[in-house]
Every structure is written in C-alpha cells, then in structure tokens.
S.K.: 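Take this structure, written in structure tokens, and hold onto it; I'll ask about it next.
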Amino acid sequence: MSGIVVMEQLQPAIASGVKEYPTLTSKVEAGKFGVKNGEGFFTYPNGSMDDYIFERDEKLTCY
C-alpha cells in the first residue's frame, strides 16, 4: 500500500484538515519510494539495499 493511499485513509480519521500531500505526491510521481529504490525523504547508503534493510531491521528488532 502506498503512502498516499495510507494518508487518504488516515486523514478522515485524524481530521487534521490537511487534504493534499504535495511533498509525498511529488516523491511518488518522481519514483522516489524510499528504501524500496534507495531514494525518498532520507538519504540511503551507496551500498547494497539488502544490507541496509537487514541492518535497519536488526536494530528495530533488538528492542
């Protein structure tokens, strides 16, 4: 499920008054899907994305 779909479903529940998500929409339109392809809101390492995902997940599961 894309971030845009999630926001469209969450927005009515949180009633924040925000109806558009220009930053998120522009990232998706530009094909910047985050970890999935190494570009997005954050800067990802130049190494293997599999290594990055493994390291990220390992950190998340240690708690």
Side-chain angles (χ1 to χ4, degrees):
M1 186 177 290
S2 78
I4 292 174
V5 173
V6 172
M7 289 305 296
E8 287 172 347
Q9 292 178 359
L10 278 178
Q11 191 281 326
I14 59 176
S16 68
V18 175
K19 301 291 184 201
E20 296 180 16
Y21 317 97
T23 305
L24 180 59
T25 303
S26 67
K27 295 282 185 191
V28 171
E29 288 173 352
K32 296 182 178 184
F33 303 117
V35 172
K36 190 181 288 186
N37 70 337
E39 293 183 81
F41 287 100
F42 303 100
T43 302
Y44 297 95
N46 292 332
S48 162
M49 287 309 294
D50 290 336
D51 291 343
Y52 175 78
I53 292 168
F54 178 79
E55 186 177 318
R56 177 204 64 190
D57 292 349
E58 196 171 57
K59 290 176 183 176
L60 290 171
T61 57
C62 73
Y63 297 103

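These numbers come from a predicted model, not from an experiment.
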S.K.: Who pairs with Tyr52 by ring-ring contact (aromatic ring centres under 6.0 Å, His included), at least two apart in sequence or on another chain?
M.R.: Tyr44

S.K.: Could I get the full list of side chain to side chain contact (heavy atoms under 4.5 Å, CB included) partners for Asp51, not counting sequence neighbours?
M.R.: Ser48

S.K.: Could you report the tightest heavy-atom contact between Thr23 and Phe41, atom names first, then the distance?
M.R.: CG2-CE2, 3.4 Å

S.K.: Find the distance between NZ (Lys32) and CG (Leu24) and round it off to the nearest 0.5 Å.
M.R.: 13.0 Å

S.K.: With sequence neighbours excluded, what pairs up with Glu55 under the side chain to side chain contact (heavy atoms under 4.5 Å, CB included) test?
M.R.: Lys59

S.K.: Can you confirm whether more than 12 heavy atoms, excluding those of Phe54, are under 6.0 Å from its CZ atom?
M.R.: no

S.K.: Are Leu60 and Phe42 connected in the hydrophobic side-chain network, where two residues link if heavy atoms are under 4.5 Å apart?
M.R.: no

